[in-house]
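Shown next, in structure tokens, is the structure this report addresses.
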Amino acid sequence: VRYSLSLAHINTKQSKQYAVITFYHSQRLYKLLVHSSRYRSYIQLLRHAQKTNTPLYIYRRSEYSDTIIKVACVPRKP
């Protein structure tokens with residue numbers, strides 16, 4: 001499942017197992033697992049998007065999952 005969302009907040013200190021991510025368009029708390037092979041690059045991408053107020057594609061396994069499995073840039077419109 002893929003959504004284009006704008007980042008509200010990143011909390012990497014709440015848990016040693018995951019970062020808690022919130023978005024403006026959703027009241028849910030999403031998790032980015034620390035043991036993910038791309039954790040550091042995803043956190044960097046999320047922080048950059050937060051600074052620049054840029055939406056990102058957020059991928060989850062299913063509609064009901066709160067775990068982020070992939071983060072990607074939204075292509076710019078020409």
Side-chain angles (χ1 to χ4, degrees):
V1 177
R2 179 183 81 177
Y3 290 97
S4 175
L5 298 170
S6 295
L7 185 66
H9 185 72
I10 304 168
N11 184 343
T12 57
K13 298 179 182 177
Q14 183 173 336
S15 171
K16 291 183 180 183
Q17 297 177 349
Y18 55 86
V20 177
I21 315 294
T22 55
F23 298 94
Y24 288 114
H25 308 291
S26 175
Q27 294 182 355
R28 295 175 74 169
L29 298 176
Y30 295 90
K31 298 177 191 174
L32 179 60
L33 300 177
V34 171
H35 71 271
S36 167
S37 61
R38 305 276 321 240
Y39 175 81
R40 288 182 189 227
S41 63
Y42 290 160
I43 289 292
Q44 287 178 342
L45 187 57
L46 288 161
R47 287 190 174 139
H48 181 329
Q50 186 177 30
K51 288 178 186 176
T52 59
N53 199 26
T54 306
L56 293 169
Y57 282 138
I58 304 301
Y59 295 83
R60 297 177 293 140
R61 291 200 191 284
S62 74
E63 179 73 28
Y64 306 106
S65 174
D66 64 351
T67 303
I68 297 170
I69 58 171
K70 183 179 176 183
V71 179
C73 293
V74 174
R76 293 184 180 183
K77 295 181 180 179

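Keep in mind that this is a model prediction, so the values were computed, not measured.
The shortest side-chain heavy-atom distance between Arg61 and Ile69 falls under the 4.5 Å cut-off. Side-chain contact between Thr12 and Ile10 is present, with heavy atoms from C-beta onward closer than 4.5 Å. With contacts defined as side-chain heavy-atom distances shorter than 4.5 Å, the pair Arg28/Asp66 qualifies. Counting heavy atoms from C-beta on, the side chains of Arg2 and Ile58 never come closer than 4.5 Å. Looking at Cys73 and Thr54, their side chains never come closer than 4.5 Å, going by heavy atoms from C-beta outward.
In the displayed structure, His48 atom NE2 is contacted under 6.0 Å by at most 12 heavy atoms of other residues, nucleotides or ligands.
With hydrophobic clusters built from ILVMFWY side chains whose heavy atoms lie under 4.5 angstrom apart, Tyr57 does not share a cluster with Leu32. Put simply, Val34 and Leu45 are part of the same group of oily side chains (I, L, V, M, F, W, Y) that touch within less than 4.5 Å, one to the next.
The two atoms that bring Tyr39 and Leu33 nearest to each other are CD1-O, 3.3 Å, heavy atoms only. The two atoms that bring Val71 and Tyr42 nearest to each other are O-CE2, 3.5 Å, heavy atoms only. Of all the heavy atoms in Pro55 and Val74, the pair that sits closest is O-CG2, 3.5 Å. Minimum heavy-atom separation, Leu7 to Leu46: CD2-O, 3.0 Å.
Take Arg38 and apply the side-chain hydrogen bond (donor to acceptor under 3.5 Å, both in side chains) test, not counting sequence neighbours, and it matches Ser41.
Put simply, the side chain of Arg60 gets close to the backbone of Ser65: a donor and an acceptor are under 3.5 Å apart. No side-chain donor-acceptor contact under 3.5 Å links Glu63 to the backbone of Val1.
Residues in residues 2-24 take part in these ring pair (Phe, Tyr, Trp, His ring centres under 6.0 Å) pairs, two or more places apart or across chains: Phe23-Tyr30.
Rounded to the nearest 0.5 angstrom, Ile21 CD1 and Thr67 OG1 are separated by 11.5 Å. In this structure, NE2 on His25 lies 7.0 Å from OG on Ser4, to the nearest 0.5 angstrom. Atom OG1 in Thr52 sits 14.0 Å away from atom CZ in Arg47 (nearest 0.5 Å).
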